Trainee: 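This is the structure, below, for whatever I ask next.
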Amino acid sequence: MPADSTNFFEKIFDVVKQVPYGRVTSYGAIASFLGAARSARMVGWAMNGCPGDLPAHRVVNRVGLLSGKHHFEGTNLMQQLLENEGIEVDDNKIVDFKKYFWDPAKELDF
DNA sequence: AACGTGACACAGC
DNA sequence: AGCTGTGCCACGT
């Protein structure tokens with residue numbers, strides 16, 4: 001079965017959906033995990049076409065900054081969702097990001 | 001086909 | 001994790 005472009009997107013969605021409650025991951029981690037180490041932008045772009053059932057609020061940039069909050073409804077929804085999961089967020093930024101960071105390449109085993 | 005844009009990352013200051 | 005510049009891939013115009 002050859003790999004379609006769609007497969008890349010599906011993988012991204014699949015990984016994000018598998019992110020455990022109270023955890024977050026980064027675009028770069030996903031990109032690297034999928035073999036597109038330097039193409040984190042593609043991951044972010046993929047989110048642009050996210051199906052909607054995707055917990056995109058658990059996906060942030062490498063410093064834990066809610067770079068995509070602007071794409072959510074309102075202005076604080078993304079932060080509220082994360083805080084609701086027990087993640088400390090301060091000014092659109094995750095506190096102790098490293099502590100909440102969930103690496104698919106380590107935690108997940110493909 | 002070229003240029004600009006984007007939910008990023010890394011190297012350099 | 002603070003700012004700037006460059007590289008990356010895909011898409012819209």
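Chain A is the first sequence line, chain B the second, and so forth, proteins listed ahead of strands; every chain is numbered from 1. Keep in mind that this is a model prediction, so the values were computed, not measured.
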Trainee: Determine whether the side chains of A:Gln18 and A:Asp14 contain a donor N or O and an acceptor N or O closer than 3.5 Å.
Mentor: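 Note: A:Gln18 and A:Asp14 side chains meet the donor-acceptor criterion.
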Trainee: Using whole Å, what does the distance between atom C1' of nucleotide B:dT5 and atom NE2 of A:His71 come to?
Mentor: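 Spelled out: NE2 on A:His71 to C1' on B:dT5 is 11 Å.
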Trainee: Please figure out whether A:Arg38 or A:Trp45 has its closest DNA chain C nucleotide nearer the 5' end.
Mentor: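 In this pair, the answer is A:Arg38.
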Trainee: Separation of A:Asn61 atom CG from C:dG2 atom P, in whole Å?
Mentor: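 Distance, rounded to whole Å: 11 Å.
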Trainee: What's A:Asn48 touching, base or sugar-phosphate or nothing? Going by heavy atoms closer than 4.0 Å.
Mentor: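 Touches a base.
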Trainee: Begin from the C-alpha positions of A:Asn61 and A:Tyr27 and carry the test side chain to side chain contact (heavy atoms under 4.5 Å, CB included) through to its verdict.
Mentor: CA-CA 6 Å; A:Asn61 69 358; A:Tyr27 300 94; 4.3 Å; yes
Trainee: Distance check needed: C:dC11 C1' versus A:Met47 CE, whole Å only.
Mentor: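 Atom CE in A:Met47 sits about 16 Å away from atom C1' in C:dC11.
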Trainee: Hey, can you pull the donor-acceptor pairs under 3.5 Å for the side chains in residues 52-59 of chain A, sequence neighbours left out?
Mentor:
from	atom 1	to	atom 2	distance (Å)
A:His57	NE2	A:Glu85	OE2	3.2
A:Arg58	NE	A:Glu85	OE1	3.0
A:Arg58	NE	A:Glu85	OE2	3.1
A:Arg58	NH1	A:Val19	O	2.9
A:Arg58	NH2	A:Glu85	OE2	2.8

Trainee: Rounded to the nearest Å, what distance is computed from the CE atom of residue A:Met78 to the C1' atom of nucleotide B:dA7?
Mentor: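 Atom-to-atom, A:Met78 to B:dA7, this comes out as 8 Å.
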Trainee: Out of B:dA9, C:dA1, C:dC9, which nucleotide sits closest to the side chain of A:Val63?
Mentor: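 In terms of side-chain proximity for A:Val63, the closest of B:dA9, C:dA1, C:dC9 is C:dA1.
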Trainee: A:Leu66 CG to C:dA1 P: how many Å, rounded?
Mentor: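 From A:Leu66 CG to C:dA1 P: 13 Å.
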Trainee: Given atom NZ of A:Lys93 and atom P of B:dA7, what is their separation to the nearest angstrom?
Mentor: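 Going from A:Lys93 (NZ) to B:dA7 (P), I get 18 Å.
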Trainee: If you only use heavy atoms from C-beta on, which nucleotide in B:dA9, B:dA7, C:dC9 is closest to the side chain of A:Met42?
Mentor: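 Minimum distance to the A:Met42 side chain belongs to C:dC9.
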Trainee: Can you measure A:Leu34 atom CG to C:dC9 atom P for me and round it to whole angstrom units?
Mentor: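 From A:Leu34 CG to C:dC9 P: 14 Å.
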Trainee: Of the non-hydrogen atoms in A:Ala36 and A:Phe8, which two are nearest, and what is the gap between them?
Mentor: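 Scanning both residues completely, I find the closest heavy atoms to be CB-CZ, 3.9 Å.
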Trainee: When all nucleic acid strands are considered with a 4.0 Å heavy-atom cut-off, which category describes A:Ala36: base, sugar-phosphate, or nothing?
Mentor: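 Here A:Ala36 touches no strand at all.
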Trainee: Whole Å only: how far is the NZ atom of A:Lys11 from the P atom of C:dC9?
Mentor: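 Distance, rounded to whole Å: 18 Å.
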Trainee: Has the side chain of A:Thr25 got a donor or acceptor atom that lies under 3.5 Å from a matching backbone atom of A:Trp102?
Mentor: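 Yes, the answer is positive, given that a donor and an acceptor are paired below the 3.5 Å cut-off.
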Trainee: A:Cys50 has a side chain; which of C:dC9, B:dA9, B:dA7 sits nearest to it?
Mentor: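 Within the option list, the nearest is B:dA7.
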